[in-house]
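Have a look at the structure below, then the notes.
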Amino acid sequence: MTKKFHIWTAGCQMNVHDSEKIAGILSESDYGTTGSIEEADLIVLNTCSIREKAEQKFYSELGRLRTLKKNNPNLKIAVAGCIAQQQGNAILKKFPYVDFVFGPDNIDSLQVWIGSGIQTRGNRKQRTALRENPGYHTKTLPMSREGRVRAWVTIMYGCDNFCAYCVVPYTRGRERSRPGRDIYDEVLSLAEQGFKEITLLGQNVNSYGRNLPEDMDFPDLLRMLHKIEGLRRIRFVTSHPRDLSEKLVSTIKDLPKICGHIHLPVQSGSDRILNSMNRGYSYKEYKNKIDMLIKSIPDIAITTDIITGFPGETEEDFQCTLKALAEIEYDGIFAFKYSKRPDTKALHLPDHVDENVKSQRLSEILKIQEIITYKKNKLLEGKVLEVLVEGASETNDKKLTGRTCTNKIVNFYGEKIDIGNFVMIKILEAKLHSLYGEKV
Ligand code: 5AD
Ligand code: SF4
């Protein structure tokens with residue numbers, strides 16, 4: 001009888017994609033997936049440590065598994081992801097019912113752990129895989145991808161930016177780009193399998209190639225992938241404003257398969273705070289890049305990340321962020337309250353902002369942005385847009401859902417046969433987080 005695994009995932013797209021790699025390894029090793037933790041022989045918790053809230057969610061999930069393990073001593077529990085990397089052995093000590101802890105750069109070690117017969121030999125010894133793994137970025141792991149229409153493709157691992165608030169350089173290590181040829185082969189195979197859209201993933205995709213022996217940068221990579229037949233759309237996240245070059249902008253403009261959407265985290269509109277965050281640009285420099293993008297690609301959708309209440313943020317700094325929101329008019333934003341993270345520089349900065357003030361500022365930002373997002377969506381009413389159909393809508397199975405190339409979600413009544421196809425949709429009604437339309 002095949003054994004069953006269950007994966008719990010928190011955090012960003014990078015982590016969701018890592019879970020596809022974990023599932024790929026397990027599926028190749030005689031494990032079948034189950035949605036129920038009670039049925040599972042192996043549970044993997046793929047954790048996120050970007051903010052304290054994500055960390056709390058993990059600890060409460062892990063707590064829930066204690067009784068499960070008591071009732072089923074054969075159950076194996078593994079902890080993966082960024083908390084695994086940071087806490088390592090401390091997790092094994094505090095939670096003796098955890099069997100294996102492995103970091104984001106050691107997903108391949110799961111093959112070894114499984115291969116050593118964790119279940120069959122009844123091996124009760126706890127293990128870790130947290131070491132530097134220099135060849136990891138050149139490995140191709142098996143993957144069980146979610147869906148058949150869109151796929152994620154990692155192009156680089158780690159991050160060298162050391163923004164003062166961010167834990168990622170400590171959990172995901174130094175920046176390493178995957179060889180272009182490996183990425184090309186993966187995307188070619190996806191196109192041959194019928195995937196229409198890919199999203200290139202990395203903490204800082206537009207610095208791709210910095211440490212590669214071959215002479216290739218991110219625009220060169222885009223040009224190479226653009227030639228792949230059958231592939232219709234290419235997206236990428238996340239771009240760092242400092243590394244957004246004119247060459248990249250003209251590449252997006254020239255190549256029709258590159259989607260007209262860029263996620264360009266600003267974090268704050270105040271130069272003082274940007275400097276203290278170690279972001280490497282002033283607001284003016286950032287705004288110049290936005291102007292360059294819009295001048296070249298007028299229809300481009302722009303989204304961003306914002307942190308409120310970074311240490312030392314005054315009311316005046318906060319007003320600069322509000323001004324930036326009003327000036328740029330993003331299509332959408334992700335905004336977060338600053339959260340103290342272990343190892344980071346910001347932890348030791350003076351003048352930490354009161355939690356209530358952070359919350360107030362966050363809700364003010366969200367309120368202002370709602371008006372802007374809605375206004376921008378409203379401009380699309382009456383327009384006919386090309387939508388790649390991804391699947392049935394979660395709330396109504398007679399409706400289908402898909403995205404425009406600008407990454408707007410569109411819902412409409414349609415036939416399941418359209419899943420995976422491009423359809424033309426007339427937008428009838430703009431909502432805050434989606435558009436509603438009909439097939440033309
Ligand atoms: N507190 C709050 N938000 C954070 N981010 C990263 N680290 C923190 C933190 N310590 C946000 C940034 C980043 C996004 C992925 O998460 O805005 O762009
Ligand atoms: Fe992703 Fe960052 Fe969370 Fe790690 S800490 S899982 S990189 S969001």
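Whatever order the structure lists them in is the order used to number ligands and atoms, beginning at 1. Worth knowing before you read on, the calculation uses all heavy atoms, side chains too, and leaves out hydrogens, waters and symmetry mates.
- For the residue pair Q193 and S189, a side-chain donor N or O sits within less than 3.5 Å of a side-chain acceptor on the partner.
- Atoms of ligand 1 lying under 4.0 Å from at least one heavy atom of R341, given by number and element, are 10 (N).
- Neither the backbone nor the side chain of K340 comes within contact range of ligand 1; no heavy atom lies under 4.0 Å.
- Less than 4.0 angstrom separates some heavy atom of Y338 from each of these atoms of ligand 1: 1 (N), 2 (C).
- Here F336 has side-chain heavy atoms under 4.0 Å from ligand 1, and that is the only part of it that gets that close.
- Short contacts between ligand 1 and R51, defined as distances under 4.0 Å to a heavy atom of the residue, involve ligand atoms 1 (N), 2 (C), 3 (N), 4 (C), 5 (N), 11 (C), 16 (O).
- For the side-chain contact (heavy atoms from CB on, under 4.5 Å) with P142, the lone residue among K21, E20, Q111 that qualifies is Q111.
- Classification of D271 and K284 as a salt-bridged pair fails, no side-chain N sitting under 4.0 Å from a carboxylate O.
- Within 6.0 Å of atom CD in E146, 12 or fewer heavy atoms from other residues, nucleotides or ligands are found, so the atom counts as exposed in its surroundings.
- A centroid separation of 6.0 Å or more is found between the aromatic rings of F310 and F318.
- Heavy atoms of I50 found under 4.0 angstrom from ligand 1 belong to the backbone as well as the side chain.
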